[in-house]
Amino acid sequence: MSLEAPIQNGQARGKHFQDDFESPDFYQIDDLLNEEHKLIRAALRDFVKLEITPYIEDWAERNHFPMEMVRKFGEVGAFGPTIPEQYGGSGLDYISYGLIMQEIERGDSGMRSTASVQGSLVMYPIYAFGSEEQKQKYLPKLASGEFLGCFGLTEPNHGSNPSGMETHILDKGDHYLLNGAKMWISNAPKADIAVVWAKNEQGRIHGVIVERGMDGFTTPETHGKWSLRASCTGELVFADVKIPKENVLPGKSGLGAPMMCLDKARYGIAWGAIGAAMDCFDSAKRYAMERIQFDKPIGSFQLVQKKLAEMLTEITKAQLLNWKLGKMMDEGKATTPQISMAKRNSVEVALNIAREARQIHGGMGITGEYPMMRHMMNLESVVTYEGTHDIHLLILGADITGIPAFK
Ligand code: TGC
Ligand code: FAD
C-alpha cells in the first residue's frame, strides 16, 4: 500500500489514504466468474477502498464501532445478498455472496462480521423459518440498514456445545416469558433486534425475535477485546422478557435451525478470511520490493521469496476451494463438513499469512501503518467463532469415520 502523505504510527490514515490493493489471481480464477460477479466484486472493492481502509486503523485503535457503516452496507447491498428482492435482498448467488464477504474482510474482519451476522444469522433465519408477517416486518429494514440485528446462540456455560443451552421460554398462554443470557454476541450493544435461540418446556430449541425496548431485555457491551476492535460485541440478558407469540419463528425448531444459519455464515467466513490473507500478501509483496537492505530490495532474497511463494500458493488453493464450495452452495449440495473444511482452511491460511507478512515488514509490521497486526488479532476471533478450529476438525473427523468425537 502506498500513502499519499506519511502518517505517524497508529494515527488515522484519513480520507487521503491511497489504497492500491490488487488481488492475486494466479490461476486465472476470474475465468470462473461471470460478468455480474466481477461487477459486484469491483463495486465492493471500491466501496472498501473509499469507506473502510482509510479509517479502519483509527476505528480499531479507538475500539470504535462505526454505526454509520450499517446504512452504508445496506446501500451497497452487503446485507443478505442472497435474500430475494421482494424482501429487500438482491437475489444473488453464493459466489456473489462469497465475493462480497471477501472484499469486506479484505478491509477488516470486524466489518465482515457486521455484514455476515446481519445477512446469514439474522436475515436468513427470518427468511427461511419466519412467517410472512415476520419477513415483511423485518427483512426490508435489515436489508437497508435501517435495523441492525444480532444472533444469540452462545451462552456463558455453552459455547462449543450449544445444545446444552439454559436460556428458555415458558408458555404463558398469550405470550412467552424469556429468561437466560447469551454471551459474545456480535452487534449486540447496538442491535435493534436479536434472533435468540431458547428451549421450551420440552427442551426443544426455538428461534425468537427479541426487540430492543422490550422490558427486561438488556445488551451490556463486552470490553477489553484485543481482536475485532471495530466490531461491537456484547451480552444479551433476558429477565422475564414478555415475547409475543408472533415473534417465535414458526418454520423450524431444534438445534438444526441455528446450525443451518451457521452453515451460511461459515461459508461467508471461508471467503472472508482469504480476503484478509490477500490484503496481507499484497502489502508484503509491495514492501518486499520497496524495502532495501544490503543494497537490494528484500524481495530479492530467497527466504523472502519463499514466504511470498508459499502465501500465493495457499491463497490460490483456498480460492479454488471456495469457488467450488460456492457452486455446491448454489446447487444446494454443500454439506456441513464441506463448509467446515473451507472455513477451517481459510482461517488457518489467513493467520499463517498474516504472521509471515508481518515478518516481511520487520519492525514496521507491528504498526498500524500496515494492516497485518490488525488482521492477525482479528483472525484470532475468526478462528474461534462460528465453531472453533478444533470443532471443525472434529466435524470432519465425524464425517470421515462416522464416529462423533465431541462427547
Ligand atoms: P448434533 O447431534 O450433531 O446435531 C443436533 C441436531 O442438529 C442437526 N444438525 C443440523 N441440521 C441442519 N444443518 C446442520 N448443519 C446441522 N448440524 C446439526 C442434527 O441433524 C441433529 O438433528 P436431530 O433432528 O437429529 O436432533 O449436535 P451436537 O450437539 O452433537 O453438536 C455438534 C457440534 C459440536 C458440531 C455443534 O454443536 C457445533 O457446531 N458447535 C459449534 C458451535 C458454534 O459454531 N457456535 C457458533 C455461534 S454463532 C457465532 O459464533 C457467530 S460469530 C459471528 C461473527 O461475528 O461473524
Ligand atoms: P469453549 O467451547 O469453552 O471452548 C474452549 C476450547 O475448548 C476451544 O479450544 C475448543 O476447541 C475446545 N473444545 C471444546 N469442546 C471440545 C471438544 N468436544 N473436543 C475438543 N476440544 C473442545 N456467538 C453467538 O452466538 N453469536 C455471535 O454473534 C458471536 N459472536 C462472537 C464474536 C466474538 C468476537 C467471539 C470471540 C465469539 C463470538 N461468538 C458468538 C461465540 C463463539 O461462537 C464461541 O466463542 C465459540 O463457539 C467457542 O465457544 P467458547 O468461547 O465458549 O469456547
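One-based numbering, in listed order, for ligands and for the atoms of each.
Remark: Glu211 engages Lys137 in a salt bridge, criterion side-chain N to carboxylate O under 4.0 Å. Arg41 has a carboxylate O that lies under 4.0 Å from a charged side-chain N of Asp30, or vice versa, which qualifies the two as a salt bridge. Contact check on Arg112 versus Asp108 returns no salt bridge, with no Lys/Arg side-chain nitrogen under 4.0 Å from an Asp/Glu carboxylate oxygen.
Distances below 4.0 Å separate heavy atoms of Ser163 from the following atoms of ligand 1: 29 (O). Proximity to Gly256 (heavy-atom distance under 4.0 Å) selects the following atoms of ligand 1: 7 (O), 8 (C), 9 (N), 10 (C), 11 (N), 12 (C). Which parts of ligand 1 touch Ile395 is read off a 4.0 Å heavy-atom cut-off, strictly below it: atoms 35 (C). Numbered from 1 in the order shown, with element, the atoms of ligand 1 that lie under 4.0 Å from a heavy atom of Gly159 read 42 (C). Residue-ligand proximity, Met260 to ligand 1, at heavy-atom distances under 4.0 Å covers atoms 12 (C), 13 (N). Near Phe406, meaning under 4.0 Å from one of its heavy atoms, ligand 1 places the atoms 34 (C), 35 (C). Taking every heavy atom of Ser116 and a limit of under 4.0 angstrom, the matching atoms of ligand 1 come to 56 (O). Ligand 1 places these atoms under 4.0 Å from at least one heavy atom of Leu262: 43 (C), 44 (O), 45 (N), 46 (C), 48 (S).
Checking Thr336 against Asp263 by side-chain atom types alone, a donor-acceptor pair falls below 3.5 Å. One side chain, Ser163 or Asn161, offers a donor N or O that lies under 3.5 Å from an acceptor on the other. With hydrogens and angles left out, the side-chain atoms of Asp171 and Asn200 include no donor and acceptor closer than 3.5 Å. Between Gln338 and Thr335, the side chains place a donor N or O and an acceptor N or O closer than 3.5 Å (distance only, hydrogens not considered). The closest side-chain donor-acceptor pair between His168 and Asn179, if any, does not fall under 3.5 angstrom. Counting only N and O atoms by type, the side chains of Arg212 and Thr219 include a donor and acceptor under 3.5 Å apart. Under the 3.5 Å distance criterion, with hydrogens and angles disregarded, no donor-acceptor pair is assigned to the side chains of Thr82 and Tyr124. If you check the side chains of Asp93 and His37, you find a donor sitting under 3.5 Å from an acceptor.
Counting only heavy atoms of the protein, atom 54 (C) of ligand 1 lies nearest to Ser113 OG, 3.3 Å. Protein heavy atom nearest atom 30 (O) of ligand 1, with residue, atom name and distance: Lys407 NZ, 3.2 Å. Given atom 41 (C) of ligand 1, the protein heavy atom at minimum distance is Ser160 O, 3.5 Å. Scanning all protein heavy atoms for the shortest distance to atom 37 (O) of ligand 1 gives Pro162 CD, 3.4 Å. Tyr385 CG, 3.4 Å is the protein heavy atom nearest to atom 52 (S) of ligand 1. Met259 CE, 3.7 Å is the protein heavy atom nearest to atom 36 (C) of ligand 1. Regarding atom 47 (C) of ligand 1, its nearest protein heavy-atom neighbour is Thr154 OG1, 3.6 Å.
Annotation for Trp184: atom CH2 does not count as buried by contact number, only 12 or fewer foreign heavy atoms lying within 6.0 Å.
Protein non-hydrogen atoms do not reach within 4.0 Å of atom 20 (O) of ligand 1. Distances from atom 3 (O) of ligand 1 to the protein include no heavy-atom value under 4.0 Å. Of the protein's heavy atoms, at least one falls inside 4.0 Å of atom 8 (C) of ligand 1. Under the 4.0 Å distance rule, the nearest protein heavy atom to atom 11 (N) of ligand 1 falls inside the cut-off. In this structure, atom 44 (O) of ligand 1 has a protein heavy-atom contact shorter than 4.0 Å. For atom 25 (O) of ligand 1, the nearest protein heavy atom is 4.0 Å or more away.
Using a distance-only test at 3.5 Å, with no hydrogens or angles considered, no donor-acceptor pair links the side chain of Lys199 to the main chain of Gln202.
Between Phe73 and Phe47, the ring-plane angle classifies as tilted under the 30° and 60° cut-offs.
Neither the backbone nor the side chain of Arg204 has a heavy atom within less than 4.0 Å of ligand 1. Looking at Phe151 against ligand 1, only its side chain comes within 4.0 Å, counting heavy atoms.
Considering backbone and side-chain atoms alike, Asp263 places an N or O below 3.5 Å from some N or O of ligand 1.
Of the candidates Ile185, Ile269, Leu255, Thr336, Leu255 brings a heavy atom nearest to atom 27 (O) of ligand 1. The nearest non-hydrogen atom to atom 53 (C) of ligand 1, considering only Glu386, Gln118, Lys182, Arg266, comes from Glu386.
To the nearest 0.5 Å, the span separating CD1 on Ile353 from OG1 on Thr313 amounts to 9.0 Å.
Cation-pi geometry between Lys343 and Tyr267 is not satisfied (NZ or CZ under 6.0 Å from the ring centre, within 45° of the ring normal). For the pair Arg45 and Phe21, the cation-pi test (distance below 6.0 Å, angle within 45°) is failed. A cation-pi arrangement is found for Lys135 relative to Tyr127, the charged atom lying closer than 6.0 Å to the ring centre and inside a 45° cone about the ring normal.
Proximity of Gly254 to ligand 1 is not established, as no heavy-atom distance is less than 4.0 Å.
Sorted by first and then second residue, the side chain to side chain donor-acceptor pair (under 3.5 Å) pairs involving residues 65-74 (not counting sequence neighbours) are Glu51-Lys72.
Contact residues of ligand 2 (protein heavy atom closer than 4.0 angstrom to a ligand atom; sorted by chain and number): Phe151, Leu153, Thr154, Gly159, Ser160, Trp184, Ile185, Ser186, Leu228, Ser381, Thr384, Tyr385, Glu386, Thr388, Asp390, Leu394, Phe406.
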